[in-house]
2 protein chains.
Amino acid sequence: MKKATFYHAGCPVCVDAEKMMLDHLDTSKVDLEIVHFGEESARISEAENAGVESVPALVLDGQVYHINYGASMEEVKSG
Amino acid sequence: MKKATFYHAGCPVCVDAEKMMLDHLDTSKVDLEIVHFGEESARISEAENAGVESVPALVLDGQVYHINYGASMEEVKSG
């Protein structure tokens, strides 16, 4: 089982991509954790260290997949 | 079963995103077709009509998910 983390900030683009992932990833292969920066701002640095530059983004196997564009990490940090 | 189409142009970013999709999408829910524009250039207009602006991109349920950025459709068209 691979661990994947989906980072988002609640924006419409984020919510749409989150639903796509939740509905279509193979849960027998991927253990998907959802991190909403509005609720877990302490994890912003973790995401940046992983290479996340904008939200929504999926980190899987150490690789970052930016899925469409909701907001930059700078915008996320400035609230 | 939902039909999804992954459009790409063979670039490294495309190939990496293609592998992520092939390995982790739930094949009991998604019937994934891979379209490589280098082999199927006739389908470029189909992708553009669906809203694809760059590759790699996944079209699922009429929604376009641009996954990272490999090349613009203009670059794809100019070969």
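Letters go in sequence order (proteins before strands), and every chain restarts at 1. Everything numeric here is computed off the predicted structure, so don't read it as measured data.
For V64(B), the part sitting under 4.5 Å from any heavy atom of chain A is the backbone (N, CA, C, O) and nothing else. Using a 4.5 Å cut-off between heavy atoms, Q63(A) contacts chain B through its side chain alone, with no backbone atom that close. At a 4.5 Å heavy-atom cutoff, the contact between I67(B) and chain A is made by backbone and side-chain atoms alike. Heavy atoms of L25(A) lying under 4.5 Å from chain B belong to its backbone as well as its side chain.
Expressed to the nearest 0.5 Å, how far OG1 of T27(A) lies from NZ of K29(B) amounts to 6.0 Å. Taken to the nearest 0.5 Å, the CG atom of N68(B) stands 9.0 Å off from the CD atom of E53(A). Atom NZ of K19(B) sits about 8.5 Å away from atom CG of D61(A), to the nearest 0.5 Å.
Annotation: K2(B), atom NZ; neighbour count of heavy atoms from other residues, nucleotides and ligands within 6.0 Å is above 12. For K3(B), the NZ atom sits in a packed shell: over 12 heavy atoms of surrounding residues, nucleotides or ligands are nearer than 6.0 Å.
No side-chain donor-acceptor contact under 3.5 Å links D16(B) to the backbone of Y65(A).
By the rule that hydrophobic residues join a cluster once side-chain heavy atoms approach within less than 4.5 Å of another member, M21(A) and V35(A) end up as members of separate clusters. Connection of V30(A) to Y7(A) is not established within any shared hydrophobic cluster, with ILVMFWY side chains joined at heavy-atom distances below 4.5 Å, either directly or through further cluster members. In this structure, I34(B) is not a member of the same hydrophobic cluster as V15(B), with clusters built from ILVMFWY side-chain heavy atoms closer than 4.5 Å. L22(B) and V55(B) are members of different hydrophobic clusters when ILVMFWY side chains are connected at heavy-atom separations under 4.5 Å.
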